[in-house]
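These notes are about the structure you will find just below.
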Amino acid sequence: MRQALFLRTFAAVALTSGLLLAPSVQAKDTVKITFIGPLTGGSSAIGLGGRNSADLAVKQRNSDPQSKYNYELVVLDDECKPNVGVQVATKAASDKSIIAGVTNYCSAVAISAIDVYSRFGLPIVVWGAVLPEITYGRKLKEVHRINGTMINQNQVAAEFMAKQGYKKWAVIHDTTDYGKGHNKYFSESLKKHGGEIVGTFGVMSDQQDFTAELTRIKELNPEVVFFGGLTPLGIRIRSQMDKLGIAAQLQGTSGIKSDAYIEGLGKDLAEGSLAFLEGAPLEKLPHGKEFSDAYQKQGYSQPPDAYGPFAYAATDLIIDAIEKVGPNRKKVLAELEETADADTIIGKVTFDDHGQNIVPLVSTYVAQDGKWVIWEDSEYAAGKRKLKGR
């Protein structure tokens, strides 16, 4: 008994000594960041891809033994509706345990929510909304954007279409800030290239029937129908163009650069549609293959879609800032303001004095055989297929 007691006592002392001598191993503090985007509704494919991409960035950082903190992603659905967007922005920004946000794909939501972020002092990085006024309308120090704006997009679009030899356009756009912005910037850019707009039509984003507008467009006989709006509306307009026998080329914006656009129309009807998007395609991004492989390994049910890489890069930038200065909103904000030539999946990121990333590239895509293909790699660019009217 005396020997057994001694052994137990020795073991207890040894264990205690070991704990005292071993390096202190403490659980990491948990830091919350929020992701806000459309997880339900017509733009949910883009939103879910963005959410998954932000989630991937968080998972990767949490698996890194060198990271100082454990990160938790607080996911909120703005439904691509301004009123809902303001509600969830308020929920996130008023929660002091949330340090920063990766926010908004829909421009109409983002422009409505930025005042909330600013009022509560929540630093955010927009991952998809392209309305220029989000960063350039007012100088809100809390607001940054990693993707480009519709100004860049429409300058490239107008020049590209002019080079294809088109002269006459009809414009149909939704009446949100997003659609009106695309109408404005494309129309301005097109004039510089000698293009003529024969008619402009504003439609509601939830409108179902476009017979009146499209009948008038058919009478005007444009070579191109420019559509400024998002995927759900684009599907309805393109399908009704076909029913009314409108043979014009469909030119869209980044708003239709979604797998859901092709799936909704079917590959035959989507064939030849054009879209323009900031940055390079995933397979040509600096770390695109690594991102794609890691994304697939996680087994997400939805693809990253067009803006997933931007959401991933935005999340990574925020985490980098927190790792450097700690989970403090003001310090993270100051760190984000200094972002210059940061290496990300989408390339170098530099925020200008309005928090806008200086994006040097806009890519042109064409729907070919049920997929979006970068123009330079397409059979259209090679002359094997022709856009409508060419």
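In this structure, the side chain of Thr215 does not engage the main chain of Ala212 through any donor-acceptor pair within 3.5 Å. Under a 3.5 Å cut-off, the side chain of Ser292 and the backbone N or O of Gly288 do not form any donor-acceptor pair. For the pair Asp305 (side chain) and Tyr307 (backbone), a donor-acceptor distance under 3.5 Å is absent. Here the side chain of Asn152 pairs a donor or acceptor atom with the backbone of Thr149 at under 3.5 angstrom. Gln356 contributes a side-chain N or O that, together with a main-chain N or O of Asn147, makes up a donor-acceptor pair within less than 3.5 Å. When atom types are taken as modelled, the side chain of Trp372 and the backbone of Val366 share no donor-acceptor pair closer than 3.5 angstrom. At distances below 3.5 Å, not a single donor-acceptor pair connects side-chain atoms of Asp174 with backbone N or O atoms of Gly229. Glu271 places a side-chain N or O within donor-acceptor distance of the main-chain N or O of Asp369, the cut-off being under 3.5 Å.
Taking 4.5 Å as the limit, every side-chain heavy atom of Leu285 sits out of range of all side-chain heavy atoms of Phe291. At least one side-chain heavy atom of Val203 sits under 4.5 Å from a side-chain heavy atom of Ile172.
Taking NZ from Lys167 and NE2 from His193, the interatomic distance works out to 11.5 Å, rounded to the nearest 0.5 Å. Atom CD1 of Ile114 is separated from atom OG of Ser112 by 8.5 Å, given to the nearest 0.5 angstrom. With rounding to the nearest 0.5 Å, the separation of CD1 in Ile235 from CD1 in Ile256 is 9.5 Å. Taking OG1 from Thr364 and CE from Met161, the interatomic distance works out to 9.5 Å, rounded to the nearest 0.5 Å. Rounding to the nearest 0.5 Å gives a distance of 11.5 Å between CG of Leu56 and CD of Gln296. Note that CD1 of Ile134 and CG of Asn104 are 7.5 Å apart. Values are rounded to the nearest 0.5 Å.
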Step by step, work out the salt bridge (Lys or Arg N to Asp or Glu O under 4.0 Å) result for Asp29 and Lys68. CA-CA 8 Å; Asp29 290 337; Lys68 297 177 183 177; over 6 Å; no
Show, in sequence, the C-alpha distance, side-chain angles and deciding distance for Leu274 and Trp375, and conclude whether the side-chain contact (heavy atoms from CB on, under 4.5 Å) test is met. CA-CA 9 Å; Leu274 294 167; Trp375 176 262; 4.1 Å; yes
After noting the C-alpha distance and the side-chain angles of Gln249 and Gln164, does the key distance pass the side chain to side chain donor-acceptor pair (under 3.5 Å) rule? CA-CA 11 Å; Gln249 171 65 40; Gln164 305 309 308; over 6 Å; no
Is there a salt bridge (Lys or Arg N to Asp or Glu O under 4.0 Å) between Asp55 and Arg51 once you walk through the steps? CA-CA 6 Å; Asp55 179 73; Arg51 179 206 62 186; over 6 Å; no
Step by step, work out the side chain to side chain donor-acceptor pair (under 3.5 Å) result for Tyr136 and Asp352. CA-CA 10 Å; Tyr136 291 131; Asp352 66 15; 2.6 Å; yes
Let's go through Gln207 and Glu213 carefully: what are the C-alpha distance in whole Å and the side-chain angles of both, what is the deciding distance for side-chain contact (heavy atoms from CB on, under 4.5 Å) to 0.1 Å, and is it a yes or a no? CA-CA 11 Å; Gln207 190 168 323; Glu213 293 86 358; 3.2 Å; yes
Which is it for Lys297 and Asp293 under the salt bridge (Lys or Arg N to Asp or Glu O under 4.0 Å) test, yes or no, and what are the steps along the way? CA-CA 6 Å; Lys297 187 176 180 180; Asp293 290 347; over 6 Å; no
What's the verdict on side chain to side chain donor-acceptor pair (under 3.5 Å) for Ser254 and Gln153, showing C-alpha distance, side-chain angles and the deciding distance? CA-CA 8 Å; Ser254 56; Gln153 199 181 117; 3.0 Å; yes
For Asp316 and Ile345, run side-chain contact (heavy atoms from CB on, under 4.5 Å): C-alpha distance rounded to whole Å, both residues' side-chain angles, the deciding distance at 0.1 Å, then the answer. CA-CA 9 Å; Asp316 236 14; Ile345 182 181; over 6 Å; no
Chi angles and distances behind the side chain to side chain donor-acceptor pair (under 3.5 Å) call for Arg61, Ser67: CA-CA 7 Å; Arg61 198 61 65 103; Ser67 68; over 6 Å; no
Does Glu379 form a salt bridge (Lys or Arg N to Asp or Glu O under 4.0 Å) with Arg385? I'd like the steps, not just the answer. CA-CA 6 Å; Glu379 293 188 1; Arg385 303 190 194 194; 2.8 Å; yes
For Arg236 and Gln208, run side-chain contact (heavy atoms from CB on, under 4.5 Å): C-alpha distance rounded to whole Å, both residues' side-chain angles, the deciding distance at 0.1 Å, then the answer. CA-CA 7 Å; Arg236 294 195 290 272; Gln208 302 296 315; 3.5 Å; yes
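Cation-pi contact between Lys257 and Tyr365: present, with separation from the ring centre below 6.0 Å and deviation from the ring axis of at most 45°.
The two residues Leu277 and Ala306 come nearest to each other via the heavy atoms CD2-CB, 3.8 Å. Between Thr175 and Lys180 the shortest heavy-atom distance is O-CE, 3.4 Å. Across every non-hydrogen atom of Ile318 and Gly101, the tightest pair is CD1-O, 3.4 Å. The two residues Leu269 and Arg238 come nearest to each other via the heavy atoms O-NE, 3.4 Å.
The cluster map of Ile, Leu, Val, Met, Phe, Trp and Tyr, joined by side-chain heavy atoms under 4.5 Å apart, puts Ile36 and Ile322 in the same cluster. Both Leu233 and Leu244 sit in one connected hydrophobic cluster of ILVMFWY residues. Membership requires side-chain heavy atoms under 4.5 Å apart, directly or through other members. No single ILVMFWY cluster, assembled from side-chain heavy atoms under 4.5 Å apart, contains both Phe276 and Phe310. The hydrophobic clustering, which links ILVMFWY residues whose side-chain heavy atoms are closer than 4.5 Å, places Val126 and Phe120 apart. Taking hydrophobic clusters as Ile, Leu, Val, Met, Phe, Trp and Tyr residues chained together by side-chain heavy-atom distances below 4.5 Å, Val86 does not share a cluster with Leu39.
Each of Val58, Ile124, Val74, Val125 was scored for a side-chain contact (heavy atoms from CB on, under 4.5 Å) with Ile33, with one residue passing: Val58. When the options Thr40, Val109, Asn83 are evaluated for a side-chain contact (heavy atoms from CB on, under 4.5 Å) with Asp78, the one that passes is Val109. The residue from Tyr295, Tyr300, Tyr312 that alone fulfils the side-chain hydrogen bond (donor to acceptor under 3.5 Å, both in side chains) condition with Asn52 is Tyr295.
Annotation: disulfide (SG to SG under 2.5 Å) contacts involving residues 95-208, sequence neighbours excluded, comprise Cys80-Cys106. For residues 321-332, the pairs satisfying side chain to side chain donor-acceptor pair (under 3.5 Å) are Tyr71-Glu323, Lys324-Glu335, with sequence neighbours left out.
Counting non-hydrogen atoms of other residues, nucleotides and ligands closer than 6.0 Å to NZ of Lys96 gives a total above 12.
Looking at Glu142 and Ser118, their side chains do bring a donor and an acceptor atom within 3.5 Å of each other.
Using cut-offs of 30° and 60° for the angle between ring planes, the Phe351 and His144 rings count as tilted. Ring pair Trp169/Tyr166 is perpendicular by interplanar angle, where above 60° counts as perpendicular and below 30° as parallel.
Listed by chain and number, the residues in a ring-ring contact (aromatic ring centres under 6.0 Å, His included) with His287 amount to none (sequence neighbours excluded).
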